[in-house]
Amino acid sequence: MEMIIQNFTYEDACILIMQTGQPVGDIISELSNFDDYKTEFLAIKNEKRKREFLTVRIAMNILMKKNVIVYHDENQKPYLSGCEWKISISHSRDYVALIAHPYAEVGIDIECRTKKVAGVYQRFLNKEEQTYFYDNENTGLLEVAWSAKEVLYKILGKKVHDFAGQLHLFPFILKENGTLNAKQTSDFKLYNLHYLQNNKFTLVYCIDKN
């Protein structure tokens with residue numbers, strides 16, 4: 001059985017984090033509307049991708065408290081058929097994270113903890129951000145920064161093609177959970193993001209009501 005790590009609401013948004021390590025056959029038995037996805041599922045060859053596909057859809061049913069069908073538009077942004085709720089989905093290794101809101105645009109990103117981000121931070125942080133997020137002994141700030149920009153990209157889509165130049169994060173003090181602020185440099189729009197970080201993963205999400 002998939003393990004629910006966290007299931008909570010914030011500002012009318014529903015957020016769910018789940019973990020799975022089950023064999024694919026066992027997961028299929030838990031997805032009550034598997035037939036709605038059977039054709040799409042059979043086209044997937046990779047076992048890890050199959051687990052992610054199934055677990056996300058089980059989690060979405062749990063989140064929405066009913067069976068729903070997840071689709072993707074031409075930009076691969078997920079949406080629910082026949083439902084106005086806005087959704088965002090993320091997965092990393094055996095973790096999946098979802099967020100849904102009745103009307104606001106949302107974004108979510110979950111990443112298993114890794115120090116690899118220290119080798120690529122110059123690609124997604126501008127010079128000013130690098131001075132306060134880079135720490136050669138602790139990559140925690142960099143990991144939150146990376147996920148924050150991923151979340152903003154999920155909300156803004158093709159408006160963003162340069163993480164370092166178009167998305168700016170303001171300094172914040174790293175805790176187990178907290179908030180950080182960001183702006184889109186082209187129109188100076190401000191965003192408030194929420195994060196949590198433990199020894200397993202980093203999670204960031206944003207609810208854009210503006």
Side-chain angles (χ1 to χ4, degrees), residues 1-114 116 143 146-147 150-151 153-155 157 176-177 194-207:
M1 177 179 293
E2 283 78 16
M3 183 184 352
I4 295 177
I5 306 298
Q6 290 197 40
N7 187 359
F8 61 99
T9 60
Y10 182 79
E11 293 186 355
D12 298 323
C14 303
I15 298 106
L16 176 65
I17 308 169
M18 290 183 66
Q19 183 179 19
T20 180
Q22 288 181 276
V24 168
D26 293 344
I27 305 176
I28 289 175
S29 66
E30 294 184 31
L31 182 57
S32 55
N33 58 336
F34 174 71
D35 286 346
D36 293 326
Y37 297 109
K38 189 172 183 179
T39 299
E40 190 177 358
F41 172 79
L42 291 175
I44 302 171
K45 304 302 181 185
N46 180 273
E47 286 295 302
K48 178 179 180 294
R49 179 71 187 94
K50 286 180 178 180
R51 288 198 303 273
E52 290 172 352
F53 179 91
L54 295 168
T55 304
V56 162
R57 282 143 185 84
I58 290 171
M60 190 60 73
N61 288 347
I62 293 172
L63 195 69
M64 301 304 296
K65 299 179 180 177
K66 63 179 181 179
N67 285 351
V68 292
I69 303 178
V70 179
Y71 290 98
H72 290 82
D73 65 17
E74 64 276 9
N75 297 314
Q76 292 305 302
K77 188 172 184 176
Y79 68 94
L80 300 178
S81 176
C83 179
E84 295 184 357
W85 281 62
K86 309 294 186 179
I87 64 170
S88 182
I89 298 166
S90 181
H91 41 74
S92 180
R93 296 180 194 167
D94 290 333
Y95 292 96
V96 300
L98 301 87
I99 185 171
H101 194 281
Y103 63 86
E105 293 293 339
V106 290
I108 196 166
D109 187 65
I110 190 168
E111 301 287 346
C112 288
R113 299 295 306 272
T114 174
K116 291 181 179 179
E143 292 172 68
W146 167 250
S147 284
E150 278 286 314
V151 166
Y153 176 74
K154 288 183 177 182
I155 291 176
E176 287 188 7
N177 59 79
H194 302 264
Y195 72 87
L196 64 89
Q197 188 176 72
N198 55 36
N199 62 343
K200 298 293 185 181
F201 60 79
T202 297
L203 179 88
V204 179
Y205 64 92
C206 179
I207 305 163

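The figures here come from the full heavy-atom set of this structure, side chains too, leaving out hydrogens, waters and symmetry mates.
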Taking the six-membered ring for Trp, are the ring centroids of His72 and Tyr79 within less than 6.0 Å of each other?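 That pair fails the under 6.0 Å test.
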Examine Tyr195 together with Tyr205 and report whether their ring centres are nearer than 6.0 Å.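 No, ring centres 6.0 Å or more apart.
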Working to the nearest 0.5 angstrom, can you tell me the gap between [X] [atom1] and [Y] [atom2]?
X      : Y      : atom1 : atom2 : value
Thr20  : Met18  : OG1   : CE    : 7.0 Å
Lys154 : Glu105 : NZ    : CD    : 13.5 Å
Leu54  : Ser29  : CG    : OG    : 10.0 Å
Asn199 : Gln197 : CG    : CD    : 10.0 Å
Arg93  : Phe201 : CZ    : CZ    : 12.5 Å
Ile58  : Arg51  : CD1   : CZ    : 12.5 Å

Might you confirm whether atom [atom1] of [X] has over 12 heavy atoms from other residues, nucleotides or ligands at distances under 6.0 Å?
X     : atom1 : answer
Lys77 : NZ    : yes
Gln76 : CD    : yes
Tyr95 : OH    : yes
Glu84 : CD    : no

Please step through side-chain contact (heavy atoms from CB on, under 4.5 Å) for the pair Gln6 and Leu16, ending with a clear verdict. CA-CA 6 Å; Gln6 290 197 40; Leu16 176 65; over 6 Å; no
May I have the step-by-step check of side-chain contact (heavy atoms from CB on, under 4.5 Å) for Ile69 and Leu80, ending in yes or no? CA-CA 6 Å; Ile69 303 178; Leu80 300 178; over 6 Å; no
Shortest non-hydrogen contact from [X] toward [Y]:
X      : Y      : answer
Glu11  : His101 : O-NE2, 3.1 Å
Lys116 : Thr114 : N-OG1, 3.1 Å
Ser88  : Gly107 : OG-CA, 3.5 Å
Ala97  : Leu203 : CB-CD1, 3.6 Å

Could you give me the CA-CA distance, side-chain angles and deciding distance for Leu31 and Ile27, then say whether side-chain contact (heavy atoms from CB on, under 4.5 Å) is met? CA-CA 7 Å; Leu31 182 57; Ile27 305 176; 5.9 Å; no
Any non-hydrogen side-chain atom of [X] less than 4.5 Å from a side-chain atom of [Y]?
X      : Y      : answer
Ile99  : Leu63  : no
Ile155 : Cys206 : yes
Glu47  : Val24  : yes
Ile15  : Ile108 : yes
Glu176 : Asn198 : no
Ser32  : Asn67  : yes
Lys65  : Cys14  : no

Do you see a donor-acceptor pair shorter than 3.5 Å between the side chains of Thr202 and Glu111?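 Side chains of Thr202 and Glu111: no pair found under 3.5 Å.
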Can any side-chain N or O of [X] pair as donor or acceptor with the backbone N or O of [Y] at less than 3.5 Å?
X     : Y      : answer
His91 : Asp109 : no
Ser90 : Ile110 : yes
Ser92 : Cys112 : yes
Asn33 : Asp36  : no

Cation-pi, Tyr37 ring and Arg57 (6.0 angstrom, 45 degrees):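 Yes; both conditions hold, so Arg57 lies above the ring face of Tyr37.
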Within 45° of the ring axis of Tyr103 and under 6.0 Å from its six-membered ring centre, is that where the NZ or CZ of Lys86 lies?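 No, Lys86 does not sit over the ring of Tyr103.
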Take Val96 and Ile17 through the side-chain contact (heavy atoms from CB on, under 4.5 Å) test and state the conclusion after the steps. CA-CA 6 Å; Val96 300; Ile17 308 169; over 6 Å; no
Using side-chain hydrogen bond (donor to acceptor under 3.5 Å, both in side chains) as the criterion, list what pairs up with Lys48, not counting sequence neighbours.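 By the side-chain hydrogen bond (donor to acceptor under 3.5 Å, both in side chains) rule, Lys48 matches Glu52.
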